[in-house]
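Read through the structure below, which is laid out as structure tokens, and then see the notes.
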Amino acid sequence: MKTMKTLYLSLAALLLAGGAAAQTDLKCPDYASGVRSLKVIHMQPVRRGRRWLDGTPTDSLAISCDERGMKTSEAQYDGKALTLKRAYVYSAAPEARKFCENLKSEEKRTTSFSEEGNSSLDDFCRRNRKKDFTMAAVYDPAAARGAQAGPLRRVFTLLNKRGFPEKEYSFDAFNSLESVTAYDYDKNNGLTQVTVTDPDGGQLRRETFSGGGPAAPRVHSVYGETNQLKRKTADELRVDGTIRREVVTDYDSAEQPVSRSEIYMDTTGVPQKELIFDPDDPQPREEYDYTHELDKKGNWTERRRTRLLFFNGSPVKDPDSPPEITRREFLYY
């Protein structure tokens with residue numbers, strides 16, 4: 001079974017983006033261990049005769065990481081146009097505690113006896129002043145050069161007695177609480193559940209993790225606001241712990257399956273083949289083949305996902321369907 005640390009790093013690739021998934025926004029992808037920077041580029045293939053060339057970029061994401069695997073910057077592009085840029089600054093427990101001690105709320109208090117005017121961040125600092133927590137600040141570099149130099153968001157992570165994240169509080173630019181993320185672990189420090197709630201305690205999302213090992217697939221389930229099952233991912237492992245097959249099932253609002261995909265991996269965890277099924281059909285509707293180019297670290301730098309057609313029950317390449325081409329550029333420490 002994977003260790004707690006490995007599972008926690010995997011969270012970055014599994015959880016949904018956005019304010020309700022603050023910590024996952026801060027983590028670099030788990031495959032980026034030892035990576036200084038990473039750029040993921042989706043290409044628009046161009047056909048030349050019988051060959052499909054890479055073509056031009058349609059969109060890309062550039063991330064810089066520190067040696068702990070935390071993001072230090074992030075930029076998104078639509079073609080060559082910059083659409084989003086972020087910078088990340090981290091404070092360890094002493095600095096985070098000092099920030100809370102020096103915090104002066106800009107919200108006017110109604111009276112000297114009332115705390116109704118306090119911001120959510122004021123309340124957090126007062127309640128947790130004796131606990132261990134860290135802080136991350138997310139900035140828009142363009143806004144920092146203008147009139148508003150404050151962060152877009154601050155994320156405070158409370159640590160349990162074993163030093164693992166226990167709860168995370170995400171605050172917006174006005175120091176108002178956006179979401180709270182709670183982490184649960186088993187006795188071996190394995191991550192078992194992540195629950196994201198809104199400021200009033202209403203569930204935004206819940207995720208569970210179970211199993212692991214050749215005899216028991218590792219299962220990751222995602223539930224929505226009303227606790228309905230939305231997606232289930234089951235990883236079937238080899239004896240050595242590598243993933244042999246990943247089965248992803250999506251569900252509708254009534255928790256009925258609407259689609260299923262099966263991805264088969266080689267011994268290094270690189271996808272080789274993908275089958276797409278309709279809910280009640282044992283035969284695949286579509287099949288995709290994967291080809292990769294790898295660097296010296298074993299990370300793939302180019303992936304081609306090619307669609308196959310079924311002819312007399314056998315899959316054959318679709319010559320008219322362009323492959324999905326993704327490129328990754330790594331710079332290592």
Side-chain angles (χ1 to χ4, degrees), residues 8 11-12 15-28 63 66 68-76 84-110 114-160 163-184 193-207 225:
Y8 187 67
L11 212 56
L15 299 187
L16 303 176
Q23 177 65 40
T24 63
D25 286 344
L26 304 177
K27 296 291 292 185
C28 287
I63 301 173
D66 65 18
R68 302 169 302 159
M70 305 295 290
K71 291 181 186 177
T72 56
S73 68
E74 182 176 21
Q76 296 179 8
L84 181 144
K85 192 170 186 179
R86 296 288 182 262
Y88 302 83
V89 178
Y90 302 95
S91 298
E95 292 81 10
R97 191 176 295 109
K98 187 67 174 178
F99 170 85
C100 273
E101 292 174 356
N102 295 335
L103 181 64
K104 301 295 183 182
S105 174
E106 296 180 359
E107 300 177 14
K108 184 178 179 181
R109 292 174 171 83
T110 55
S114 174
E115 296 182 349
E116 293 179 359
N118 286 8
S119 70
S120 301
L121 184 50
D122 286 319
D123 295 336
F124 168 86
C125 287
R126 187 178 62 256
R127 292 194 312 268
N128 298 286
R129 62 183 181 273
K130 295 184 179 180
K131 297 180 180 180
D132 287 331
F133 57 85
T134 60
M135 180 180 71
V138 184
Y139 292 88
D140 179 347
R145 294 192 295 268
Q148 295 181 348
L152 299 173
R153 183 199 308 158
R154 292 186 191 274
V155 181
F156 291 80
T157 303
L158 292 176
L159 306 176
N160 63 22
F164 298 125
E166 182 176 62
K167 280 191 176 181
E168 288 170 354
Y169 294 78
S170 177
F171 299 88
D172 64 18
F174 303 100
N175 293 341
S176 296
L177 183 63
E178 291 182 313
S179 64
V180 179
T181 304
Y183 297 89
D184 296 318
Q193 183 168 266
V194 178
T195 306
V196 184
T197 55
D198 62 24
D200 297 321
Q203 180 171 303
L204 297 175
R205 190 184 70 255
R206 183 172 68 89
E207 309 200 16
E225 296 180 4

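The first residue in the sequence is number 1, and the count goes up from there.
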Euclidean distance, Lys85 NZ relative to Glu74 CD, rounded to 0.5 Å: 12.0 Å
Ion pair present between Asp25 and Arg153, side-chain N to carboxylate O less than 4.0 angstrom? yes
Side chain to side chain contact (heavy atoms under 4.5 Å, CB included) assessment of Gln193 paired with Glu207: CA-CA 6 Å; Gln193 183 168 266; Glu207 309 200 16; over 6 Å; no
Measuring only between side-chain heavy atoms, which start at C-beta, is Phe156 closer than 4.5 Å to Cys100? yes
May I ask you to test the Phe99-Met135 pair for a side-chain heavy-atom distance under 4.5 Å? yes
When you compare the side chains of Ser120 and Asp123, does any donor N or O come within less than 3.5 Å of an acceptor on the partner? no
What distance do Cys28 atom SG and Met70 atom CE have between them, rounded to the nearest 0.5 Å? 8.0 Å
In short, Pro199 meets Glu178 closest at the heavy-atom pair CD-O, 3.3 Å
How close do Leu158 and Tyr169 get, counting heavy atoms only, and between which atoms? CD1-CE1, 3.7 Å
Tightest non-hydrogen contact, residues Pro165 and Tyr183, listed as O-CB, 3.5 Å
Do the non-hydrogen side-chain atoms of Leu26 and Lys71 ever get within less than 4.5 Å of each other? no
Exercise: identify the closest heavy-atom pair between Leu121 and Leu103: CG-CD2, 3.9 Å
Measure the CD-CD1 distance between Gln76 and Ile63 for me, rounded to the nearest 0.5 Å. 8.5 Å
Below 6.0 angstrom between ring centroids: does that apply to Phe124 and Phe133? yes
Can you name the salt bridge (charged side-chain N to carboxylate O under 4.0 Å, His left out) partners of Arg97, sequence neighbours left out? Asp132
OG1 on Thr157 to CD on Glu168, rounded to 0.5 Å: 4.0 Å
Could you measure the distance from the OG1 atom of Thr197 to the CG atom of Leu204? Nearest 0.5 Å is fine. 6.5 Å
Interatomic spacing from CG in Asn160 to NZ in Lys131 - rounded to 0.5 Å: 12.0 Å
How would you list, by chain and number, every residue that makes a salt bridge (charged side-chain N to carboxylate O under 4.0 Å, His left out) with Glu166, sequence neighbours excluded? none
Taking atom types as modelled, is there a side-chain donor on Glu95 or Tyr90 under 3.5 Å from an acceptor on the other? no
Taking C-beta and beyond as the side chain, do Val155 and Ser170 meet within less than 4.5 Å on heavy atoms? yes
Minimum heavy-atom separation for Ser91 to Ala96, with atom names? CB-N, 4.1 Å
State whether the side chain of Asp66 and the backbone N or O of Arg68 hold a donor-acceptor pair below 3.5 Å, judged by distance alone. yes
